[in-house]
Colleague: 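My questions all concern the structure below.
Below, read A as the first sequence line, B as the second, and so on, with proteins coming before strands; counting in each chain starts at 1.
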Amino acid sequence: MSSKIRRSMPLFPMGTVMKLTDLSARQIRYYEEHQLIRPERTAGNRRLFSLYDIDRLLEIKDLLDEGINMAGVKKILLKEDEPVYSNVKDHLKKEKKEFTNEEVRKLLRRELINAGRFHRDDFPSGEKFRYFH
DNA sequence: TTTCTCACA
DNA sequence: TGTGAGAA
C-alpha cells in the first residue's frame, strides 16, 4: 500500500501546520522534542511535516484537551509506535520465515477481518495486528 | 518573510 | 508555554 508512503511524505512547512492544527510553533517543536512527531528537514534545516505528522498533532491536541498531560500523551502515542505489524510484509520480516502463498493469503484475510473490527476497543494482549483511525 | 535555536525581567 | 534575539 503506497498510501502509507504518501501519508509520510514531507510536505508542509511550520506555518501551514500551525494553521491546520491551531497549535503554536513552540508547542509543535515541543512535541517533536518528545518524539511524538518526527518531521523531516529541508537542506536549510526547516521542518517539513507529513499528513501523518499533522494527524498526530491533532490527536495530541485532542488528548491534551481531554485533560491528559504530556506524560500521558506520550504513553498513549508512543505505545502506538511499538512494533506494529501494519502490513503483511513487516510481519513476514519479523518472523524471519519463508511463507507459502497460502500462508500469505491467510495473513491477508486475517488482516482484513481485523480491519473490520475497527472502533471496537478489544485488543487482547498478544494481538498481532492493531489498527488506528 | 519565514523559520530555526537558544534562553529567560 | 510565551516571547524575543540573532542568524539563515
Colleague: How would you list, by chain and number, every residue that makes a side-chain contact (heavy atoms from CB on, under 4.5 Å) with A/Met70, sequence neighbours excluded?
Modeller: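 Scan of A/Met70 (side-chain contact (heavy atoms from CB on, under 4.5 Å), adjacent residues dropped) gives A/Tyr30, A/Tyr31, A/His34, A/Leu36, A/Lys74.
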Colleague: Not counting sequence neighbours, which residues clear side-chain contact (heavy atoms from CB on, under 4.5 Å) with A/Lys75? List them please.
Modeller: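 Here no residue qualifies.
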Colleague: According to side-chain contact (heavy atoms from CB on, under 4.5 Å), who are the partners of A/Leu51, at least two apart in sequence or on a separate chain?
Modeller: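 Scan of A/Leu51 (side-chain contact (heavy atoms from CB on, under 4.5 Å), adjacent residues dropped) gives A/Phe12.
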Colleague: Quick one: list whatever passes side-chain contact (heavy atoms from CB on, under 4.5 Å) with A/Ile68, sequence neighbours left out.
Modeller: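 Expected list: A/Leu63, A/Glu66, A/Val73, A/Ile76.
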Colleague: Applying side-chain hydrogen bond (donor to acceptor under 3.5 Å, both in side chains), name anything that partners A/Ser8, two or more places apart in sequence or on another chain.
Modeller: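 Residues passing side-chain hydrogen bond (donor to acceptor under 3.5 Å, both in side chains) with A/Ser8: none at all.
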Colleague: Map every base of DNA chain B to its dot-bracket character, where paired means a Watson-Crick or G-U wobble contact with both distances under 3.5 Å and | marks a partner outside the strand.
Modeller: .|||||||.
Colleague: I need the full list of salt bridge (Lys or Arg N to Asp or Glu O under 4.0 Å) pairs touching residues 10-29 of chain A, with sequence neighbours left out, sorted by first then second residue.
Modeller: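 Output for this query lists A/Asp22-A/Lys61.
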Colleague: Which parts of nucleotides 4-9 of chain B does protein reach within less than 4.0 Å, heavy atoms only, written one letter per nucleotide 5' to 3' as B for base, S for sugar-phosphate only and - for none?
Modeller: SB----
Colleague: Could I get the full list of side-chain hydrogen bond (donor to acceptor under 3.5 Å, both in side chains) partners for A/Glu40, not counting sequence neighbours?
Modeller: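 For A/Glu40, no residue satisfies side-chain hydrogen bond (donor to acceptor under 3.5 Å, both in side chains) once neighbours in sequence are set aside.
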Colleague: Specify the closest pair of heavy atoms between A/Glu59 and A/Leu77, including all atoms of both residues, with the distance to one decimal.
Modeller: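 So the two residues come closest at OE1-CD2, 3.7 Å.
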Colleague: Is there a donor-acceptor pair closer than 3.5 Å between any side-chain N or O of A/Ser24 and the backbone N or O of A/Gln27?
Modeller: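 Side chain of A/Ser24 to backbone of A/Gln27, a donor-acceptor pair under 3.5 Å: yes, one is there.
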Colleague: Without placing hydrogens or testing angles, list every side-chain donor-acceptor pair under 3.5 Å for residues 43-50 of chain A, not counting sequence neighbours.
Modeller:
| residue | atom | partner | partner atom | Å |
| --- | --- | --- | --- | --- |
| A/Asn45 | OD1 | A/Arg41 | NH1 | 3.0 |
| A/Arg47 | NH1 | A/Glu32 | OE1 | 2.3 |
| A/Ser50 | OG | A/Arg7 | O | 3.2 |
| A/Ser50 | OG | A/Tyr52 | N | 3.3 |
| A/Ser50 | OG | A/Asp53 | N | 3.1 |
| A/Ser50 | OG | A/Asp53 | OD2 | 3.2 |

Colleague: Hey, where on DNA chain C does chain A first and last touch, going 5' to 3'? Cut-off is any atom under 4.0 Å from a heavy atom.
Modeller: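 Under 4.0 Å from chain A, the extent on DNA chain C is C/dT1 to C/dA8.
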